[in-house]
Asker: 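This is the structure I want to talk about, given as structure tokens.
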2 protein chains.
Amino acid sequence: MAKPAITLKTIADQLGYSVSTVSRVLNGLADKYRISKETQEAIKDAAQRLDFTPNPLARGLRMNKSNTIGLVIPDISNPFFSSIARNVEHEARKHHYSIILCDTDENTALEIESLQLLQNRKVDGLIMLPVGQTSQHIEKVYQTGMPMVIIDRYFKDVDIPYVASDNYKGAFEAVSYLIQSGHTTIGCIQGLRHTMPNSERLRGYIEAHQYYNLPVNERLIVGDGFGEQNGFLETKLLIRKEKELTAIFALSNLISLGSIRALKEEGLRIPDDISIISFDDQPYSEYLSTPMSTISQQNKEMGQIAVKHLISQIDSTIRPSGEYVLLSTKLIKRSSVKILSASKNIIKQINRGVVSMQ
Amino acid sequence: MAKPAITLKTIADQLGYSVSTVSRVLNGLADKYRISKETQEAIKDAAQRLDFTPNPLARGLRMNKSNTIGLVIPDISNPFFSSIARNVEHEARKHHYSIILCDTDENTALEIESLQLLQNRKVDGLIMLPVGQTSQHIEKVYQTGMPMVIIDRYFKDVDIPYVASDNYKGAFEAVSYLIQSGHTTIGCIQGLRHTMPNSERLRGYIEAHQYYNLPVNERLIVGDGFGEQNGFLETKLLIRKEKELTAIFALSNLISLGSIRALKEEGLRIPDDISIISFDDQPYSEYLSTPMSTISQQNKEMGQIAVKHLISQIDSTIRPSGEYVLLSTKLIKRSSVKILSASKNIIKQINRGVVSMQ
DNA sequence: TCTTTTTGAACAAAGGTTTGCATAGAATTA
DNA sequence: TAATTCTATGCAAACCTTTGTTCAAAAAGA
């Protein structure tokens, strides 16, 4: 059933040349080794005819290169991640790399295991979407010389190239929009604390308040996880405890889904009773019970840029330093934010220059 | 920077044994080759101390096995597929296989390319979620002896093991529910025609009509694609042309999203003006403008079963025949289907046995 | 003491590539 | 004609494992 594989030797024997000559022709080194035109033709023909493809295992063994990229992702079933994965795969394929997929289930232990696995498998590089709370295990791998780029949850003070959204600006814009719409008591439901995207979004939240001379109420900043459950729980608690609350800033798409569920259970309407704005735009965002205003990220570009950067890293001998790209976000206004009448005052104040522009 | 890799030779040299002895000990063949206890201990210790892991490329080359499974998927950013992918990855990892991911972009040409690629890469087996319109290229690969299992879009008269939902029953149940709710003019927006899931769902649609002695109106069966755009367009056309229409059966999650958009644009409310029920339950289904009634599939199980089956295929020498599993679906009733008053008649008729039970 | 068996391990080939070096014959130069 | 330079290719090692076979030394048997 299993036919004998077509190898260089098959061609060499059939044509009466040596394996090395065949290899050279097929690798475009014919001229360098001045192999005659006729020989070249004959070999190329035979290769085509026999449908020869080099054995990647043998080649990898010899060249110490597998043409393979490890993609480590916290949860491929989260649409934010899967759309990145999709573009990573397409871009990698363009450059003749294949993707080995590891889903870490938002679990650092599994992430460590995956890193180990991929190193053993001799991938040429790693695209990491880390869980994000600790980075030592990742740094350790990077320091062995493994080319790497991090997407989304990068780390402070860790000099590994990354590409992410400008989470600070995105959050600043979202919260500014809320404030300009007249909201002054805005709940912030965080994702995983001590991850950079979260910290930066939080900073955006805080600085937007300061920019508009609004006090920051610590009690409004809650939660610790990007998942739906966290959004649900924290929303329930918030609306019970904070009677003044008029708006929620959800730091991920899943969190906002949880919020919606909680608000519905409590019989609160969006945006009439509570306004909501969320990070991450999703295909379904506009179809939700109330079409959701969101901060959309360029995840297609993230994947592409990451792959391009990784490959240039693989092909180069010098280690990059301080290389990163921050992609801009976009505020998508739909109907989940209510314009409160009070907003007019604030807008007026801005126009009059009462609220300082820093 | 790149440290010399730890190989069998490293250990052999350090201990003064030969490479073959080291290999045997580390592969548990020590007793078979009666290698002394002390030698075994020494070698195992050294391996541990040096953190040795066998080079998978060399091993793969020698053994003709890569411990790698190719996963071919039409669109990883579609949540239906990505949740399957996730479970495939987890299950494969349990069995020490890694996943090489290929996203075919719902494009048969890319699917052919992917198959080629994965064969070249010497994967040990293939889990296919085919585009589904043609199968020759897949059969050809299967006939080379490549272990394979198909998920979701399997083929009629093609003897490759598959796991899928019982699409017929699911559709039958969905449409029955609509009919029992009093709907008699039900649009059916199809996915990709001539794919099995589509044909089976369509059959369910038709037979449910027959079961309730309702005529099947060909004009109500429209569309050709699992995407959002198809749902949008066909819904627009349907509501213009079919004034009697009271319900839509959408054959995929994306189609239903498109339908929602179209209905909204036309100012029609769900379910007051038009009821809708959709194949594929999604995490966001219950958060939609009108929480959607759906037919949910067991996609977690699909992934697991597929991997288990594939691995048993890899480990066995005999070719499977006629092996497949059909997973049951579940009707999830939310609020996108309106109970029409007329329904009482039908239900009464059923109770009275006027509508035959086949 | 000499032969046979057992023990414990080494040798070498194979799997398919790539690549530095060597070489036989032809062409050129002196 | 002898020495030199090209031309067109082959040889063999290396990458790291696995595995069938061989073999020396020790132990056992006669």
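Heavy-atom basis, side chains included; hydrogens, waters and symmetry copies ignored. In what follows, every chain begins at residue 1, and chains take the letters A, B, ... in the order their sequences are listed.
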Asker: Closest approach to the side chain of A:S18, judged atom by atom: which nucleotide of C:dA9, D:dG10, C:dG16 is it?
Answerer: D:dG10

Asker: Is there any protein nitrogen or oxygen under 3.5 Å from a nitrogen or oxygen in nucleotides 18-25 of chain D, and what are the pairs?
Answerer:
residue	atom	partner	partner atom	Å
D:dT18	OP1	B:R59	NE	2.7
D:dT18	OP1	B:R59	NH2	2.8
D:dT18	OP2	B:S23	OG	2.9
D:dT18	OP2	B:N27	ND2	3.0
D:dT18	O2	B:R62	NH1	2.0
D:dG20	N7	B:R24	NH2	3.0
D:dG20	O6	B:R24	NH1	3.2
D:dG20	O6	B:R24	NH2	2.3

Asker: When you measure from every atom of DNA chain C, which of residues 113-121 of chain A have a heavy atom less than 4.0 Å away?
Answerer: none

Asker: Anything under 3.5 Å between a donor and an acceptor, one on a side chain of residues 43-53 of chain B, the other on a protein residue two or more places apart or in another chain? List them.
Answerer:
residue	atom	partner	partner atom	Å
B:R49	NH1	B:Q14	OE1	3.1
B:T53	OG1	A:N120	OD1	3.1

Asker: Considering only side-chain heavy atoms of A:F52, which listed nucleotide, C:dA9, D:dT9, C:dT17, is closest?
Answerer: C:dT17

Asker: Would you say that more than 12 heavy atoms from the other residues, nucleotides or ligands in this model lie under 6.0 Å from the CG of B:N64, or not?
Answerer: no

Asker: Rounded to the Å, how far apart are A:L15 CG and D:dT9 C1'?
Answerer: 14 Å

Asker: To the nearest Å, how far apart are A:K9 NZ and D:dA12 P?
Answerer: 14 Å

Asker: Under 4.0 Å between a side-chain nitrogen and a carboxylate oxygen: does that hold for A:D31 and A:K37?
Answerer: yes

Asker: Nearest whole Å is fine: how far is C:dG15 C1' from A:L57 CG?
Answerer: 10 Å

Asker: Kindly write out the residues that satisfy side-chain hydrogen bond (donor to acceptor under 3.5 Å, both in side chains) with B:R86, not counting sequence neighbours, or none if the list is empty.
Answerer: A:D75, A:D105

Asker: Taking atom P of C:dG16 as reference, at what distance in whole Å does atom CG of B:N55 sit?
Answerer: 16 Å

Asker: Taking only residues at least two apart or on different chains, which pairs with a member in residues 104-161 of chain B satisfy ring-ring contact (aromatic ring centres under 6.0 Å, His included)?
Answerer: B:Y154-B:Y162

Asker: For B:K300, what residues pass the salt bridge (Lys or Arg N to Asp or Glu O under 4.0 Å) criterion, not counting sequence neighbours?
Answerer: none

Asker: Please report the distance, rounded to the nearest Å, between CD in A:E38 and P in D:dT7.
Answerer: 15 Å

Asker: Quick one: B:L61 CG to D:dA14 P, roughly how many Å, whole number?
Answerer: 17 Å

Asker: Consider the side chain of B:T39, meaning its heavy atoms from C-beta on, and name the nucleotide among C:dA9, D:dC16, C:dG16 that approaches it most closely.
Answerer: C:dA9

Asker: Under 4.0 angstrom, heavy atoms only, what part of the nucleic acid is B:I35 near: base, sugar-phosphate, or nothing?
Answerer: sugar-phosphate

Asker: Salt bridge check: are A:R153 and A:E106 linked by an N-O gap of less than 4.0 Å?
Answerer: yes

Asker: For the residue pair B:S98 and B:R93, confirm or rule out a side-chain donor-acceptor distance under 3.5 Å.
Answerer: no

